[in-house]
Structure formats: structure tokens, C-alpha cells
Enquirer: 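Dropping the structure in here first, questions after.
Just so it is clear, the model here is predicted, and its values are computed rather than measured.
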Number of protein chains: 2
Amino acid sequence: MTERADRAERPGAAARRTAAQPERDPEAVSRFVERFAAQLVEAGVPRMPARVFAALLASDAGTLTSAELGERLRVSPAAVSGAVRYLAQVHMVSREREPGSRRERYRVHGDQWYEALTSREAVIKRWEHALREGVDSLGATTPAGRRLAETLAFFEFVDTEIVAMMVRWRARREELFGSP
Amino acid sequence: MTERADRAERPGAAARRTAAQPERDPEAVSRFVERFAAQLVEAGVPRMPARVFAALLASDAGTLTSAELGERLRVSPAAVSGAVRYLAQVHMVSREREPGSRRERYRVHGDQWYEALTSREAVIKRWEHALREGVDSLGATTPAGRRLAETLAFFEFVDTEIVAMMVRWRARREELFGSP
DNA sequence: CGCTTCTTTCACAAACTTGTGAAGTTAAGG
DNA sequence: CCTTAACTTCACAAGTTTGTGAAAGAAGCG
């Protein structure tokens, strides 16, 4: 990826923008969405969920309807549906029904998704389980068994550390951004 | 000379098995390898690299040659080659040339790979970069911009925390397992 | 109630991944 | 030097994954 500084905007633009715009410069938003989504994809998130998620992140309200998502990402309702199902399953978004409309609204929990992402509780638990089995069946006193046991200990350590870390984060966040 | 690896054994364990096993019960090893690999796959690691990595983890010496890997996993040399290239790129294994032979030896750095896995330095750095761009182009004072800024702050926080955490881990590890 | 609007499900085609055999490359050992 | 063992690269076939259009399924609103 080369340096293609195609800025659609000049410094003044941000100031000029006023309440009239439903979302700021769709160009810029889309650029961010695609770039951030690409990074998520590299980290192992399936593509469409990554794009949907990035779009939600970049929305002012932090919520979008299925229709809005389809429109912004230029994909079919079916694709949105699938992506949202995935994201809900891994707790990166939640769905809310808007009372008085059959529209569904998807929301990124600004302050929860990255906690989920970082800790990956379920994933780590399964690793630990597999490692424990390995230690048992290879024998805790064999060189390989010892290696597995150490790895297991590491993940257990991380588990507890992350809990503490998130506590510190919430404190720091308050300090930086004020109370939620 | 292929079979001189994997032999630093304990008396008790050796008694239960027949003395001449090149690796402990290949059945059990293979079962662990496939199960652990499956978990890695679920976490986003490509299949063959995951299997190769698990096989190395479960080897007593912590190293295997390309030929040994191919044999244990029942795959072609080409597959091993590709998998190893991937793993080396993400620093989960390193390759060493055995002097006096054209065999290459792949090693899992018992105490480094999970550090790499956990911190995912490069990945997080790229996320931060994408987020910074996003804050800039959406405007730091817009709601969406603020959300991105907070996410960015979180990752920066995690960066520094993880460094400290790994220091604590090394201490704990020594305490649990003695010096490296 | 039934119309209308929105969402989900399903079968399938296109696009991408993976692993293979075979040919190519490198370097040890005669 | 030439042979040969060991690994790598390449083109391609098999197998997945993805996203779509079409049709069916909810749910407000008249």
C-alpha cells in the first residue's frame, strides 16, 4: 500500500461542516471503514463482519439499521444479515428493536467490544483445555509435557492479569474522557 | 542420522513405554497435535501452519526437521515448506541450519511464541494507525471521532500494559519452573 | 385482518485457499 | 566437478468460503 495522500478535505472543512450533514464526508468515512476493516480481516475476522463493524464504529450514533449498512457498504440485505449474526455471536455488536418500526438497529458497544476482543475468554479457555489434555497424555515430566505445562501456566496467568488490566483501563478511561 | 532427537527421558516414564520409542505414544501425540491445531485454526491461524506448530510444541526437543514434520503430519514437503514460511514470518518458529547437513531444523521458542501471540505487536500497531487516520479524517470532536479516539487510547494503554505484564510473567515463570 | 415494509433463510455461483506432484535450486560429499 | 539429498517454487485441482437473488417469514399500520 503506497502513500496516496488523496485528501478529499482541507483543514477548514471540519469547521465548515454543520448540523446539516447526516454523516460527515461519506468519502472519508468510507475510506476509514475499508481500511480499518482490512486490518481486522488480517487479524482473522471474516470480511463482511469486519466491514459492518467498522461502519458501525464510524457512525456518529454508534448504531445503524440494516438498510443503512447495506447502502453504505453496497451489499445485499442478506450479506448484512449474515455479518450481523456473526458479530452478535462474538459480542461485538448487539441488536435492538426500535419500538414502533420493524427496523432493527445494530449497535457497537463503544466500551465493550475491545474488552471482548482482547480477552477472548472463550478462545483462551479452549486452548487451556487442549493444553491440559496434552500435559496429561504426554506426561508432565517429559520435556514436551513440561513445555506444554509452561504454556498452560502462561495462559492462566494472562487470564487473571487481564481482569486486573481492564480494571485499570476503566480508571484511566474515566481520567481521560470523563464518566460514561 | 535421523533418530537422535527426542530422547531426554525420565526413568519412570521410560519403563511404562517400550524403551525404543522415538517419541512417546505417537497416538497420543497425534491426538494432541490435531486438537490443539484445531483450536489455533479457530483463532484464525491457517490450518497447515497450525498443525506444524502444534507438532513442534509437542516434540520433546522442541525442534523437528522438515522430513520429520512431513512424516508425522502425513503431508508433502511442499506443504511443510509453505507452513514453515508462514510461521517464521509471524515469529512463531525459527529455522536453524544444522552445520554439516542440508537438513533444516525448525524450532519453537518455548518461551517466546506466546509472548508474540499475545501482544501481536504488529497487528495492534496497524490498528492504531488506522484509528489515528480515522480520528483525523472524521474530526476529533465528532461523536464518531471521539469513539475512535477512545478505542485508540485503549490500544495504546494495552501496549504499555502488556510490556509490564510480560515482565511479571517472567518473574512468575521463574518462580514456578526455575531458571530457563 | 390483510397490506406493506423490513429481515432472514436458502441454493447456488464466483472467488479465494490449500495441498499436491513435478520440476527447479542449492549445497554436501564423493 | 558431478551426484545426490534436501528444500523450494509453481501450476493446478479439490475444497471452502462468500455474497447474491429469490422467496419465505415477522410485524407495524391502516
Enquirer: Between B:E96 (CD) and D:dA6 (P), how many Å, whole number?
Expert: 18 Å

Enquirer: Side chain of A:M48 only, heavy atoms from C-beta on: which candidate in C:dT8, D:dG19, C:dG21 is closest?
Expert: D:dG19

Enquirer: Please report, rounded to the nearest Å, how far the P atom of C:dT7 is from the CG atom of A:L87.
Expert: 16 Å

Enquirer: Does a side-chain N or O from B:R103 land closer than 4.0 Å to OP1 or OP2 of D:dA6, or not?
Expert: yes

Enquirer: Please determine whether a side-chain nitrogen or oxygen atom of B:R85 lies at a distance below 4.0 Å from atom OP1 or OP2 of D:dT8.
Expert: no

Enquirer: A:R105 near the nucleic acid: base, sugar-phosphate alone, or nothing, with a heavy-atom cut-off under 4.0 Å?
Expert: nothing

Enquirer: Is there a side-chain contact between A:L64 and A:Y106, using heavy atoms and a 4.5 Å cut-off?
Expert: no

Enquirer: Between atom CG in B:L73 and atom P in C:dG19, what is the gap in whole Å?
Expert: 11 Å

Enquirer: Taking OP1 and OP2 of D:dT17, is either one under 4.0 Å from a side-chain nitrogen or oxygen of B:R47?
Expert: no

Enquirer: Consider the side chain of A:S81, meaning its heavy atoms from C-beta on, and name the nucleotide among C:dT9, C:dT18, D:dC10 that approaches it most closely.
Expert: C:dT9

Enquirer: Check whether the side chains of B:T63 and B:R105 place a donor and an acceptor atom closer than 3.5 Å, and report yes or no.
Expert: yes

Enquirer: Would you say B:E128 and B:R132 make side-chain contact, with heavy atoms under 4.5 Å?
Expert: yes

Enquirer: In terms of side-chain heavy atoms of B:A78, which of C:dT20, C:dG19, C:dT8 is nearest?
Expert: C:dT20

Enquirer: So which heavy atom on A:F157 is nearest to which on B:R172, and how close?
Expert: CD1-CD, 3.6 Å

Enquirer: D:dG19, D:dT9, C:dG19: which one has an atom nearest the side-chain heavy atoms of B:A79?
Expert: C:dG19

Enquirer: Between D:dG21, D:dC7, C:dT7, which one does the side chain of A:S76 approach most closely?
Expert: D:dG21

Enquirer: If only side-chain N and O atoms of B:R74 are considered, is one of them under 4.0 Å from the OP1 or OP2 phosphate oxygen of C:dT20?
Expert: no

Enquirer: Which heavy atom of A:V52 sits nearest to which heavy atom of A:A83, and what is that distance?
Expert: CG2-CB, 3.7 Å

Enquirer: Figure out the CD/P separation between A:E104 and C:dT9, and round it to whole Å.
Expert: 11 Å

Enquirer: Rounded to whole Å, how long is the line connecting atom CD of A:E71 with atom P of C:dC6?
Expert: 12 Å

Enquirer: Rounded to whole angstroms, how far apart are CG on A:L69 and P on D:dG19?
Expert: 14 Å

Enquirer: Using OP1 and OP2 only, check whether a side-chain N or O of B:S66 sits under 4.0 Å from D:dA6.
Expert: no

Enquirer: When the nearest nucleotide of DNA chain D is assigned to A:R97 and to A:V80 on a heavy-atom basis, which residue is associated with the more 5' position?
Expert: A:V80

Enquirer: Which part of the nucleic acid, if any, lies within reach of B:Y86 when heavy atoms closer than 4.0 Å are counted: base, sugar-phosphate only, or nothing?
Expert: nothing

Enquirer: What's the shortest heavy-atom distance between B:Q39 and A:A130, and which atoms?
Expert: CG-CB, 4.2 Å

Enquirer: Could you check B:V84 against A:R51 and say which one's nearest nucleotide on DNA chain D is further toward the 5' end?
Expert: B:V84

Enquirer: Over how many whole Å does the gap from B:Y106 atom OH to D:dC7 atom C1' extend?
Expert: 7 Å

